[in-house]
Amino acid sequence: MQERYLFNEIEPKWQKRWLEQKVDKTEENPNKQKFYALAMFPYPSGNLHMGHVRNYSIVDVIARFKRMQGFNVLHPIGWDAFGLPAENAAIKNQTPPAEWTWENIANMKRQLQEMGISYDWDREIATCHPDYYKWTQWIFLELFKHGLAYKKKAAVNWCPSCATVLANEQVVEGHCERCDAAVTKKDLEQWFFKITAYSEQLLNDLEKLDGWPEKVKTMQRNWIGRSEGTLATFKVEGTDDPIPVFTTRVDTIYGVSYVVLAPEHPLVAKLVQGTEYEQDVFSFVKKMQGLNELARTSAEVEKEGMFIGHYCINPLSGAKVPIWIANYVLLDYGTGAVMGVPGHDERDFAFASKYNLPIIRVILDPAIPLEDKDLPMTEAYVDDGIMVNSAEFDGLDNRDAWEKMATKLEQLKLGERQVNYRLRDWLISRQRYWGAPIPIIYCEKCGIVPVPEEQLPVKLPGDIVFKTGENPLVSSESFVNTTCPQCGGSAKRETDTMDTFMCSSWYFLRYCDPHNSSEAFARDKVDYWMNVDQYVGGVEHAILHLLYSRFFTKVFRDFGYLQVDEPFQNLLTQGMVCMDGSKMSKSKGNVVSPEEIIQKYGADTARLFIVFAAPPDRDLEWSDQGVEGCYRFLNRVWRLVAQYQSTFSQNIPAEEFQDLDAEAKKMRWHTHSTIQKVTNDIATRFNFNTAISSIMELVNALYLYKEKDNVKQAVAREGIEAVLKLLAPFAPHITEELWSEIGHKESIHKQAWPEVDESALIQEEVTIILQVNGKLRDRIQVPVDVSAEELEKLVLSSEKVKNYLEGKTVVKVVKVPKKLVNIVVK
RNA sequence: GCCGAAGUGGCGGAAUUGGCAGACGCGUCGGUCUCAAAAACCGAUGUCCUAACAGACGUGCCGGUUCGACCCCGGCCUUCGGCACCA
């Protein structure tokens, strides 16, 4: 056996062997319990970064651990391969996006293999491959068939820099999630998925997700944004046009002093047409439309509005209130109209103060005497109280009035109770080339015609030219011109492609059946593998990817293609990899390349450090010295085995653990309590850092044991083998090498996870902590089965304890078995 | 503003059910080996006080519950993340 740990020899050797022998291939054995371990698949940017290394190391530890525990593990990988960077590279280098992408995939695949991650490469998928996007298109058609995909003209988010539209979820504080450019609005006809049809389910089923971080569930709840309220219909005076208004505070309806419409509200143009207000209103609306998303929706923006010359009637009080338009009312939330109640809403208070609109108190703060109810208000009162200035409802508790008012509106047929969501339908069209084409044909005679299933995939053409700011598909005549599948006449193809989030919203299903050429996935395969037992990835996908995937899963369930309600049983959101306190990123220049680390220390060291440095869900601070420490530890393991190995006799002695001396017993206790702790740390808490700590402690103990007289080979060997097996999921190469060095023929990764020998954990003596008034004063060794009286005698005979009892009276003695005795004195 | 998470040595982090605060690793210091160094091995390492033994203090701050609190409760402070004119 080599004296030195030569990682650069052993790592490639085993990687080659594992690939050739397909040791990580998933066996579909229905007699074994399945376990689906999944990391969020990467975008093939060309190189792995530390965030990937962390993500894939974590999942690999789980997958390898579960395999050793006897589970049938599915641990696949693939590529989220459509997207803008490929097109930008095409413009910059004049390389076709496909070529650029496949080269990147090849490089990253090599890097993943050098990490020693145990993927079943036979299940590798790439979303840009026609065999995959054929089924992405098929899914579009399924949604279309069921009325869940539809086209509509709407004011949509437009990123001028990416030259494409964006879903609401992709707009972050008014900026493009990808390139950070300010997003504007554009009126375009686009394809949407009716995710809002699932709002209620997407919200309610969050409760089933016990294995998800509370943080992510809260983010999804906020995004879905359910609010209960009342729809109240104000009617325009003179024309009787209804203005439905959604309010969550119908109890304040007698306090309405104006109604505000969104500037783009269709009623606005109708009402002002031909009036003296027309010009001013028109220029105000124009100004609003010119503003970008941020300038329009930020809370800091000054509220601006104007009267449009009409009044409407309050459905309960009958009062006549002016109709305004204002920047803060959004057309696509609720009904695009709100009632202004300055007395009981802070925003309305500010608006009314600015424009001198009346402020009416309708709920009285219980701290204010009734006779002061008509004093001017200096701020909005938003809490509960007693109704005033509200006709028949005066004197009621506002919560009671609330119900009565809603009921009365319903009786008058001027309103109803309603639930509103913030969630909007998912805009999936993209004006880009490198995505899955939307399988739709426009025929002058037949209109919108779906591409027949047997004609899928609609392939991306190759005869195209890339220019900045233009979708090359539009200019590809071979692509655009086609024949109508219905009438056979000439027709045009849809040139928009699908949002790449669509490709990534079902990839976990394709892994279950990756080579199926007649279906997206077979029912029996997904029923066996789904759902994902453990999903791991960055929290940046908390809304987008995770919400869309949940939506698709529910849709497929309803279409009869699978049985689960939710795709991901347990979710672990890993922390960021940081250096000098901030996230590693190219733009900050604080990156460490994984390849560099692997070259210098090997993949096992890189993997070990990244799971040892912090618990997986927390941010991790990169430390070159910490890496060095892990490398030292692996060297230490190597030498330990090498040194013991020379003492092991050729014939492995029978495991004989009777009649052991105290040192041997202690050693066995170490071995088995470590097995217990590591198993528990990995299985129930994902605390890999503490698992590795205790393996380190076991290694330290074995070093010390080696120096004892009369070392029992069986005990030492048991300890060594435990170290190797426990470490195998973290550092697969070195453990495999050492495992074969100590004489095993079969891979360590095929071994069963070590079992705890309970008899080795039995201790004859325990340390008892002695406290006086809760302060530690002494510790004593006592037999485990010591009687209460004996223990008390031992405690009181402690010199240190005696000192503290002098001149005091013992009030109470608290005993915690096998742990501690606390004497309370006065 | 609202919601959530976190705050422990010089650093990363432990303490699993309210019971030894600081495991393990890094760093630092000392020792062994060596002509010397590196590596390796052994040991020390929260702060204050002390020659030492001992002792006092110590988990962001203030208070509470408890025999006993990093852990539970109330009130604050700071940092990070998310949401934010949502009617």
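This one's a predicted model, so the numbers in the text were calculated from it and none came from an experiment. In what follows, every chain begins at residue 1, and chains take the letters A, B, ... in the order their sequences are listed.
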For [X], which contact category applies under a 4.0 Å heavy-atom criterion: base, sugar-phosphate, or nothing?
{"X": "Pro615(A)", "value": "sugar-phosphate"}
{"X": "Val338(A)", "value": "base"}
{"X": "Asn222(A)", "value": "nothing"}

| query | Using atom C1' of each nucleotide, how far apart are rA14(B) and rG9(B) to the nearest Å? | reply |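 Their C1' atoms lie roughly 13 Å apart.
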
| query | Which whole number of Å gives the distance between the C1' atom of rA69(B) and that of rU8(B)? | reply |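 Nearest-Å result for rA69(B) against rU8(B) at atom C1': 14 Å.
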
Please write out each protein N/O paired with an N/O of nucleotides 55-59 of chain B under 3.5 Å, distance rounded to 0.1 Å.
from	atom 1	to	atom 2	distance (Å)
rG55(B)	OP1	Tyr804(A)	OH	3.1
rA56(B)	OP2	Arg777(A)	NH1	3.4

| Watson-Crick and G-U pairing of RNA chain B written in dot-bracket, each distance under 3.5 angstrom, with | for inter-strand partners | (((((((..(((......[....)))((((((.......))))))(((......)))..(((((..]....))))))))))))....

| request: Would you please indicate if the ring centroids of Phe612(A) and Phe730(A) are separated by under 6.0 Å? | output: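 No.
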
| task | Pull up the glycosidic torsion of rG9(B) and say syn or anti, syn being anything within 90° of 0. | result |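 rG9(B): syn.
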
| task | Can you tell me the distance, in whole Å, between the NZ atom of Lys215(A) and the P atom of rC3(B)? | result |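 Rounded to whole Å, this separation is 18 Å.
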
| Just how far, in rounded Å, is C1' of rC86(B) from CZ of Arg422(A)? |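 Arg422(A) atom CZ is separated from rC86(B) atom C1' by 7 Å.
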
Check: protein-nucleotides 24-26 of chain B nitrogen or oxygen pairs below 3.5 Å:
from	atom 1	to	atom 2	distance (Å)
rC26(B)	OP1	Arg632(A)	NE	3.2
rC26(B)	OP1	Arg632(A)	NH2	2.9

| request: Starting at CH2 of Trp638(A), measure out to CZ of Phe7(A) and round the result to the nearest 0.5 Å. | output: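 CZ of Phe7(A) is found 12.0 Å from CH2 of Trp638(A).
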
